[in-house]
Visitor: 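Just dropping this structure here.
As a basis for the values below, the full set of heavy atoms in this structure was taken, side chains included, without hydrogen atoms, waters or symmetry mates.
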Amino acid sequence: QVHLVESGGGLVQAGGSLSLSCAASGSIFSINVMGWYRQAPGKQRELVARITNSDMTNYEDSVKGRFTISRDDAKNTVYLQMNSLKPEDTAVYYCNAIVRTSAYVRNQYQYWGQGTQVTVSS
């Protein structure tokens, strides 16, 4: 079993910054992709940013140039630096990881964190 624990988030004024982190623990052989998704009230969950184990990244169009995703493989942790925040960034942010749990089995599994609230006031 793999657990993802998020930290960060909170309330910030528009134009401000927040930083999220997510640490993975448990039965981990390797983590292929780590990412952040968000879900605003009444909307579907959407990808915000993700990063592969070769540090390839991709971002949702509305956050490009404002958000930066990074990872520390030694700590099994992914970060999301959010700058120039806008009210429309308000959502619950979820950490996501695609994990290979065994050196002997190639199967990979998807895990989710519990979510952390980000609220941007205008």
Side-chain angles (χ1 to χ4, degrees):
Q1 184 71 335
V2 174
H3 298 281
L4 303 181
V5 179
E6 298 135 338
S7 59
L11 174 64
V12 66
Q13 288 188 330
S17 299
L18 283 174
S19 180
L20 305 181
S21 63
C22 171
S25 63
S27 182
I28 298 171
F29 174 71
S30 63
I31 304 178
N32 182 13
V33 182
M34 300 189 82
W36 292 93
Y37 289 70
R38 66 186 179 187
Q39 188 167 19
K43 295 187 176 182
Q44 289 189 331
R45 190 173 298 189
E46 65 175 1
L47 174 68
V48 176
R50 62 180 180 179
I51 182 169
T52 71
N53 55 7
S54 57
D55 288 335
M56 292 182 64
T57 60
N58 62 289
Y59 295 89
E60 195 271 328
D61 284 346
S62 70
V63 308
K64 287 179 180 177
R66 299 189 297 122
F67 291 10
T68 302
I69 190 170
S70 61
R71 62 190 282 173
D72 184 337
D73 288 336
K75 297 180 179 180
N76 289 330
T77 298
V78 63
Y79 305 95
L80 186 67
Q81 178 64 41
M82 304 183 291
N83 298 327
S84 302
L85 283 159
K86 304 176 181 179
E88 50 264 42
D89 295 317
T90 295
V92 177
Y93 283 68
Y94 296 91
C95 178
N96 174 272
I98 310 298
V99 180
R100 180 177 169 181
T101 57
S102 169
Y104 307 104
V105 178
R106 289 185 173 271
N107 291 9
Q108 299 183 75
Y109 302 93
Q110 181 171 236
Y111 296 92
W112 292 92
Q114 79 283 0
T116 186
Q117 178 70 44
V118 171
T119 303
V120 184
S121 62
S122 57

Visitor: Under 4.5 Å between any side-chain heavy atoms of W112 and C95, yes or no?
Guide: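 Side-chain contact under 4.5 Å: no.
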
Visitor: Y79, V33: one ILVMFWY side-chain cluster at the under-4.5 Å cut-off?
Guide: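 No.
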
Visitor: How far apart are the closest heavy atoms of S17 and N83, and which atoms are they?
Guide: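 The answer is OG-OD1, 2.9 Å.
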
Visitor: Nearest 0.5 Å please: distance from the OH atom of Y37 over to the CD atom of Q44.
Guide: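 Interatomic distance, Y37 OH to Q44 CD, rounded to 0.5 Å: 13.0 Å.
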
Visitor: Shared ILVMFWY cluster between M34 and V2, side chains joined below 4.5 angstrom?
Guide: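 Linked, M34 and V2 end up in one cluster.
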
Visitor: Is there a path of hydrophobic side-chain contacts, each under 4.5 Å between heavy atoms, that joins W36 and V12?
Guide: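 Result: yes, single cluster for both.
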
Visitor: Using 4.0 Å as the upper bound for N to carboxylate O, is an ion pair formed by K64 and D61?
Guide: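 Counted as a salt bridge, because a side-chain N and a carboxylate O are separated by less than 4.0 Å.
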
Visitor: Find the distance between OG1 (T77) and CG (L4) and round it off to the nearest 0.5 Å.
Guide: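 With rounding to 0.5 Å, OG1 (T77) is 10.0 Å from CG (L4).
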
Visitor: Do V99 and F29 have side chains that get closer than 4.5 Å, going by heavy atoms?
Guide: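 No, too far: nothing below the 4.5 Å cut-off.
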
Visitor: For the CZ atom on R38, are there more than 12 heavy atoms of other groups (residues, nucleotides or ligands in this structure) within a distance under 6.0 Å?
Guide: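 Yes, enclosed.
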
Visitor: Hey, what do you get for CD1 (I69) to SG (C22), rounding to the nearest 0.5 Å?
Guide: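 Nearest 0.5 Å value for the CD1-SG distance: 9.5 Å.
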
Visitor: In the single-linkage hydrophobic clustering (I, L, V, M, F, W, Y; side-chain heavy atoms under 4.5 Å), do L85 and L11 co-cluster?
Guide: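 L85 and L11: separate clusters.
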
Visitor: Hey, what do you get for CG (N58) to CG (L47), rounding to the nearest 0.5 Å?
Guide: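 The CG atom of L47 is 6.0 Å from CG of N58, to the nearest 0.5 Å.
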
Visitor: Is it true that a side-chain atom of Q117 and a backbone atom of G9 form a donor plus acceptor pair closer than 3.5 Å?
Guide: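 Checking the backbone N and O of G9 against the side chain of Q117, no donor-acceptor pair under 3.5 Å is found.
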
Visitor: Is the closest side-chain heavy-atom distance between M82 and V48 below 4.5 Å?
Guide: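 Not touching, per the 4.5 Å side-chain cut-off.
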
Visitor: For the residue pair F67 and Y93, categorise the inter-ring angle as parallel (less than 30°), tilted (30 to 60°) or perpendicular (more than 60°).
Guide: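 F67 vs Y93 ring planes: tilted.
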
Visitor: Out of curiosity, N32 CG to S54 OG, how far, rounded to the nearest 0.5 Å?
Guide: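 Rounded to the nearest 0.5 Å, the CG-OG separation comes to 8.0 Å.
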
Visitor: Does one hydrophobic cluster hold both Y94 and L18, with members joined at side-chain heavy-atom distances below 4.5 Å?
Guide: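 Unlinked, Y94 and L18 end up in two clusters.
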
Visitor: Please report the shortest heavy-atom distance between N53 and I31, naming the atom on each side.
Guide: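 In terms of heavy atoms, the two residues are closest at CB-O, 3.6 Å.
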
Visitor: Determine whether more than 12 heavy atoms belonging to other residues, nucleotides or ligands lie under 6.0 Å from atom CD of Q13.
Guide: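 No, not enclosed.
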
Visitor: Would you give the length of the straight line joining atom CD of E88 to atom OG of S62, rounded to the nearest 0.5 angstrom?
Guide: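 Going from the CD atom of E88 to the OG atom of S62 covers 7.5 Å.
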
